[in-house]
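Input: a single structure, listed below in structure tokens.
Quantities reported herein were computed from a predicted structural model and do not represent experimental measurements.
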Amino acid sequence: MAADLSSPSVPAGLARPHFIGIGGAGMSGIAKILTQRGARVRGSDARESVTAAALRGLGATVHIGHDAAHLAPDATCVVVSSAIRPDNPELAAAEERGVPVVHRSDALAALMDACRPLAVAGTHGKTTTTSMLAVALGSLGLDPSYAIGGDLDEPGSNAHNGRGEIFVAEADESDRSFHKYAPEVAVVLNVELDHHANYASMEEIYDSFVTFADRIRPGGVLVVSADHEGARELTRRVRERGRVRVRTYGEAADADVRVLDVTPHGLTSETTVLLDGEELTFAVFVPGRHYAHNAVAAVVAGSELGVPADELAKALGTYTGVRRRLQLKGEANSIQVIDSYAHHPTEMTADLEAVRGGAGDGRIIVLFQPHLFSRTQELATEMGESLALADASVVLDIYPAREDPIEGVTSALITDAARAAGADVRHAASGADGVELVAGMAAPGDLVLTMGAGDVTELGPGILARLPQQ
């Protein structure tokens with residue numbers, strides 16, 4: 001089925017790109033693919049990182065810090081994400097010199113243009129599902145290109161320039177950048193209100209996802225969950241427009257592909273689906289019902305590109321997770337420390353329910369870092385209620401990322417809500433304080449979860465180091 005794309009061209013204007021924020025998950029992946037295609041890639045990032053080092057290893061030039069002098073005289077464009085502020089000195093220099101400024105999504109769309117794109121969207125689960133597809137298709141020898149919002153196993157493994165015709169990409173709805181893509185197959189895992197700085201209502205969210213569905217290539221298909229309320233409403237709207245074929249999956253009785261059973265086995269599960277009149281059972285080597293549903297979405301989407309569903313389902317057995325998605329960081333004194341990227345209440349609840357099955361008789365202790373002031377302002381109560389599913393929690397201060405503080409919005413909103421929901425929760429003013437609290441609370445048999453989209457991911461090793469050794 002595969003056309004050989006062993007010598008894909010560098011898209012026009014991207015021969016000598018300069019990336020501002022090149023170490024970011026999305027930006028670094030595009031930079032990697034361009035480097036592998038032969039572009040002369042340069043860029044800058046706020047701080048040194050293993051990702052920056054990995055890009056240098058591929059031949060890219062990466063500066064640390066932002067300075068107008070970093071922009072090469074012969075740069076053909078400057079690539080930015082929505083996180084880059086207008087006063088960035090490199091962006092200002094590009095505008096002054098007339099160097100074209102290209103959004104990250106436009107660069108990714110250009111890379112996918114000559115391929116058969118499969119774009120994975122949704123409020124939650126994009127990185128996991130995209131990763132599942134990339135790993136499974138690769139294990140079948142199809143060598144897809146891919147761009148993922150997280151590393152599969154090591155720094156820099158978030159992207160690959162493959163020889164096959166399929167390009168799997170994570171499609172980000174947060175800033176509406178997924179409107180730039182024209183996939184042959186699009187996946188929507190769920191639709192919820194998030195990214196409150198960019199979307200004021202669910203109606204705006206629906207409009208945005210409908211626009212994404214309208215971008216599907218003629219003859220293509222939208223694969224969408226039949227179980228999530230928002231996804232069902234999207235399905236209704238897309239089918240009403242009649243522009244694209246829709247195939248649903250899930251446990252709902254009216255799903256086109258029925259999930260018949262998900263049987264947990266510790267931190268793995270066995271999933272059975274009814275697909276095209278045949279029952280198909282396969283193993284998913286990450287915990288939780290939501291990850292099993294992600295795997296089903298991957299099987300359905302891949303089958304729409306002509307990959308035999310049974311082969312793809314079996315190949316999913318080679319997928320063992322992605323960094324920061326319930327990633328085991330280590331174990332000490334019979335205490336497991338796991339890292340979770342969950343930062344929205346739905347994700348938090350799903351991950352806590354998933355690890356509960358693997359904790360046995362032990363307790364679940366969470367070190368949670370809220371992500372963004374705007375998200376906390378809107379969802380603090382729901383975050384607190386999610387934390388009530390843990391046996392004990394420590395909440396850090398809000399990780400601001402690209403945002404400025406909002407008056408009156410602190411992590412106390414979350415701890416208050418958690419206590420109101422019956423949670424055992426306390427606050428830590430710093431990461432170091434949080435590490436000490438959690439390490440002091442944990443006992444043999446417990447499972448510790450570092451949770452959030454910020455730098456809380458860096459605290460797992462510190463917790464392990466402070467736990468008593470056997």
Handout entry: Qualifying salt bridge (charged side-chain N to carboxylate O under 4.0 Å, His left out) pairs, either residue in residues 133-147, two or more places apart
Key = none
Atom pair [atom1] ([X]) and [atom2] ([Y]), whose distance is rounded to the nearest 0.5 Å:
{"X": "Ile64", "Y": "Ser49", "atom1": "CD1", "atom2": "OG", "value": "6.5 Å"}
{"X": "Ile20", "Y": "Met27", "atom1": "CD1", "atom2": "CE", "value": "7.0 Å"}
{"X": "Tyr399", "Y": "Leu372", "atom1": "OH", "atom2": "CG", "value": "9.5 Å"}
{"X": "Ile414", "Y": "Phe368", "atom1": "CD1", "atom2": "CZ", "value": "5.0 Å"}

Exercise for the section: Kindly determine whether Glu204 and Arg176 satisfy salt bridge (Lys or Arg N to Asp or Glu O under 4.0 Å), including the steps that lead there. Expected result: CA-CA 10 Å; Glu204 287 190 11; Arg176 296 178 171 83; 3.3 Å; yes
Practice task
Test salt bridge (Lys or Arg N to Asp or Glu O under 4.0 Å) on Arg237 and Glu240 and set out the steps.
Solution key: CA-CA 5 Å; Arg237 295 184 183 211; Glu240 188 175 76; over 6 Å; no
Exercise for the section: Run the ring-centre check on Phe178 versus Phe209 and record whether the distance is less than 6.0 Å. Expected result: yes
Donor + acceptor pair across side chains of [X], [Y] (<3.5 Å):
{"X": "Asp351", "Y": "His290", "answer": "yes"}
{"X": "Ser82", "Y": "His103", "answer": "yes"}
{"X": "Ser177", "Y": "Asp175", "answer": "yes"}
{"X": "Asn158", "Y": "Ser28", "answer": "yes"}

Exercise for the section: May I ask you to decide if the ring planes of His344 and His124 are parallel, tilted or perpendicular, using 30° and 60° as cut-offs? Expected result: tilted
Counting C-beta onward and ignoring hydrogens, is there a side-chain heavy-atom pair between [X] and [Y] closer than 4.5 Å?
{"X": "Ser411", "Y": "Leu396", "value": "no"}
{"X": "Tyr249", "Y": "Ser225", "value": "yes"}
{"X": "His70", "Y": "Pro89", "value": "no"}
{"X": "Thr346", "Y": "Asn190", "value": "no"}
{"X": "Leu111", "Y": "Ser145", "value": "no"}

Handout entry: Residue Lys314 excluded, over 12 heavy atoms near NZ under 6.0 Å
Key = no
Practice task
Evaluate whether atom CD of Glu229 has more than 12 neighbouring non-hydrogen atoms of other residues, nucleotides or ligands under 6.0 angstrom away.
Solution key: no
Fill in the blank from the handout: Contacts of Glu304 meeting salt bridge (charged side-chain N to carboxylate O under 4.0 Å, His left out) (sequence neighbours excluded), chain-then-number -> Arg245, Arg247
Problem - salt bridge (Lys or Arg N to Asp or Glu O under 4.0 Å) evaluation trace for Arg56 with Asp45 - result: CA-CA 13 Å; Arg56 290 193 192 99; Asp45 208 48; over 6 Å; no
Exercise for the section: Please lay out, stage by stage, how Lys126 and Glu173 fare under the test salt bridge (Lys or Arg N to Asp or Glu O under 4.0 Å). Expected result: CA-CA 10 Å; Lys126 294 184 292 292; Glu173 83 283 359; 3.3 Å; yes
Problem - Arg16 backbone acceptor or donor facing Arg40 side chain under 3.5 Å - result: no
Practice task
Look only at the side chain of Arg241 and the backbone of Asp214, and say whether a donor-acceptor pair between them is shorter than 3.5 Å.
Solution key: no
